[in-house]
Amino acid sequence: MDEDFAKWYTDIVKKAELVDYSSVKGCVILRPYAYALWENIQGALDCMFKETGHENVYMPLLIPESLLQKEKDHVEGFAPEVAWVTHGGSEKLTERLCIRPTSETLFCEHYSHVVQSYRDLPKLYNQWCSVLRWEKTTRPFLRHREFLWQEGHTIHETAEEAKAETLQMLDVYARLAEEYLAMPVVKGQKTDKEKFAGAVSTYTIECMMHDGRALQSGTSHYFGDGFAKAFEIVFTGRDNKLSYPHQTSWGLSTRVIGGIIMTHGDDSGLVLPPKIAPVQLVIIPVAMHREGVLEKARELRNTLKAAGIRVKLDDSDNSPGWKFSEYEMKGVPLRLEIGPRDIEAGACVLARRDNGEKAPASLEGIADTVKSMLDAVQAALYAKAKENLTRNTVDARTLDEAKELTKDSAKFVRAMWCGGEACEDAFKEEAGMTSRCVPFEGGGVSGACACCGKQAEKLVYWGVAY
RNA sequence: CGGGGCGUGGCGCAGUUUGGUAGCGCACUUGGUUUGGGACCAAGGGGCCGCAAGUUCGAAUCUUGUCGCCCCGACCA
């Protein structure tokens, strides 16, 4: 995997039966295992959305061209990668319809219909859907043309409320990443160059992959009242005057599955965090046609299932060795072996996917044993990823220093920035790194811009992005 | 958009240089023996070689065109 990370990655997504390619570039088939993973991520996120007062809705797939064009920056940002529907049957349409690349415009149009008074605010909506962006280069999970995501769209009475919402949802993403996906994050704000088309400000969680490169794993945008003005969304305020509301949007996609693979995977395949693994424990019977083995295995499955563990019993005819490899490839966190020897001893063998440790365990209280091991695996994965992040985050006082520090492998470079786009471009051109974010946390490295030497207040995380 | 690679049973590939009845491994089906790190024996089934046109007595192989996929880079919400 360290020799050719890109090849390792594309091999894994195929071998672990996550995806299949379709006949359209960038439109990828999510096989049951990948979809189950996505459903678990969805479940965790959706629950957090509901806890914070959000409601799910569904907007149409198609956006009339005139609607897309209402907000200038937004359309400029997305127009180059929009796909169009031009015909209905054999009839040419009077107006082209775009397949949504994102749904701000649809939400805005709807809000303009349903918001009249401050009493109608806020609206805290989310939708689970797919969007289409005609990307030139594609990679499974990391960059699809069509991809599954959720997009939250909220509208508020005041700017303060909308800003608070933007940051709250960034925190929700950070919690998902760290607590469920075991991916430590750097939270921060995007520079103007990197922010969302049409946003006042964009916030991001940036994760570090095994190879030191950065993956933008979730973004949250504050729109101010720019969209409201463009779409003529107005409401009567508490002061009986007409006002523009303030909006946010935030999104997280199946891209995080790519993040999970590249954060935790190893030479034997996937390694999945227990909290979102479709199968948390696989039972592999050994010499299973012998008297009592399969019966015991089934009994164990039922016991563990009843304890709320996602368990699979593989009673197929493949050899145990084959099954070991198979479930390692698929990243199943725990493996339970049960054979005649174990049954004799009232025990089984438990093996951890993350570190390969294998040890006998008593069948007495097996559910509790498994649960605490799952917790241990979850914690170990986070700790290992955190260690990788820390080890590969370096400080640089100058651009040259940044180049020197990253010449052998990609890293996060913390360096000061004056705020000028020229210096941002220089980093890209000379060091191959883009600004990932201006972090919320962490002190300054120095007082001068690493590029031009002028006075600088902003600390920036620079990195090579996926 | 530039560079490179590749399209041959489900998967991975050989065969193409030098045209002559489409092959190998895995997977699959049936029967049997096995089972603690990708088991073994036996018998089977499955492909008009991405698509189109051309050259030829004859094309997976030569020519032209075309479609698509993968990788690296550039570009990009």
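Any value given below was found using the heavy atoms of this structure, including those in side chains, with hydrogens, waters and symmetry copies removed. Reminder, nothing fancy here: chain letters follow the sequence lines and each chain counts from 1.
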Angle class for the [X]/[Y] ring planes (parallel below 30°, perpendicular above 60°, tilted otherwise)?
{"X": "A:Y203", "Y": "A:F440", "answer": "tilted"}
{"X": "A:H54", "Y": "A:W250", "answer": "perpendicular"}
{"X": "A:F107", "Y": "A:Y125", "answer": "tilted"}

If the [atom1] atom of [N] is compared with that of [M], how far apart are they to the nearest Å?
{"N": "B:G38", "M": "B:A27", "atom1": "C1'", "value": "13 Å"}
{"N": "B:U8", "M": "B:C69", "atom1": "P", "value": "15 Å"}
{"N": "B:A22", "M": "B:G46", "atom1": "P", "value": "15 Å"}
{"N": "B:C70", "M": "B:G50", "atom1": "C1'", "value": "15 Å"}
{"N": "B:U61", "M": "B:G15", "atom1": "P", "value": "15 Å"}
{"N": "B:C1", "M": "B:C75", "atom1": "P", "value": "16 Å"}

On a plain distance test, is the side chain of A:E104 in donor-acceptor contact with the base of B:A77 below 3.5 Å?
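Checked by distance alone, the answer is no.
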Go through the N and O atoms of the side chain of A:D342 and the base of B:G36, and report whether any donor-acceptor pair is under 3.5 Å.
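Answer is yes: a donor-acceptor pair is held.
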Need one value for [X]: base, sugar-phosphate or nothing, where a base atom within 4.0 Å counts as base even if backbone is also close, heavy atoms only.
{"X": "A:T138", "value": "sugar-phosphate"}
{"X": "A:K428", "value": "sugar-phosphate"}
{"X": "A:E429", "value": "nothing"}
{"X": "A:T10", "value": "sugar-phosphate"}
{"X": "A:G77", "value": "sugar-phosphate"}
{"X": "A:P80", "value": "nothing"}

A:Y461 six-ring face occupied by A:R436 cation (under 6.0 Å, within 45°)
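Relative to the ring axis of A:Y461, which defines the angle, A:R436 lies outside at least one limit.
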Give me the atom names and distance for the closest heavy-atom approach of A:T105 to A:L68.
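The pair with the smallest heavy-atom distance is CG2-CA, 3.9 Å.
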Within less than 4.0 Å of OP1 or OP2 of B:C72, is there a side-chain N or O belonging to A:R139?
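The answer is yes; a side-chain N or O of A:R139 sits under 4.0 Å from OP1 or OP2.
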Taking 4.0 Å as the cut-off, does a side-chain nitrogen or oxygen of A:S319 come that near to OP1 or OP2 on B:A39?
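Yes.
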All N/O contacts under 3.5 Å from nucleotides 24-27 of chain B to the protein, with atom names and distances to one decimal?
none

Paired stretches of RNA chain B - 3 or more consecutive Watson-Crick or G-U pairs, each distance under 3.5 Å:
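Looking at RNA chain B, the stems formed by three or more consecutive pairs are B:1-7 with B:67-73, B:10-13 with B:23-26, B:28-33 with B:39-44, B:50-54 with B:62-66.
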Decide, yes or no, whether a salt bridge links A:E146 with A:R133 under the criterion of side-chain N to carboxylate O below 4.0 Å.
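Result for this pair is no, no salt bridge flagged.
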So that I can tick it off, tell me whether A:K187 and A:E178 are bridged by a salt bridge, with the cut-off set at under 4.0 angstrom between side-chain N and carboxylate O.
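Salt bridge absent between A:E178 and A:K187.
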To the closest 0.5 Å, what do you measure between CD (A:Q280) and CZ (A:R310)?
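The CD atom of A:Q280 sits 4.0 Å away from the CZ atom of A:R310.
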All pairs passing salt bridge (charged side-chain N to carboxylate O under 4.0 Å, His left out) where residues 220-233 of chain A contributes a residue, at least two apart
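Listed by first then second residue: A:D225-A:K229.
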Which of these passes side chain to side chain donor-acceptor pair (under 3.5 Å) with A:S103: A:H110, A:H153, A:Q127?
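Among A:H110, A:H153, A:Q127, the one meeting side chain to side chain donor-acceptor pair (under 3.5 Å) with A:S103 is A:Q127.
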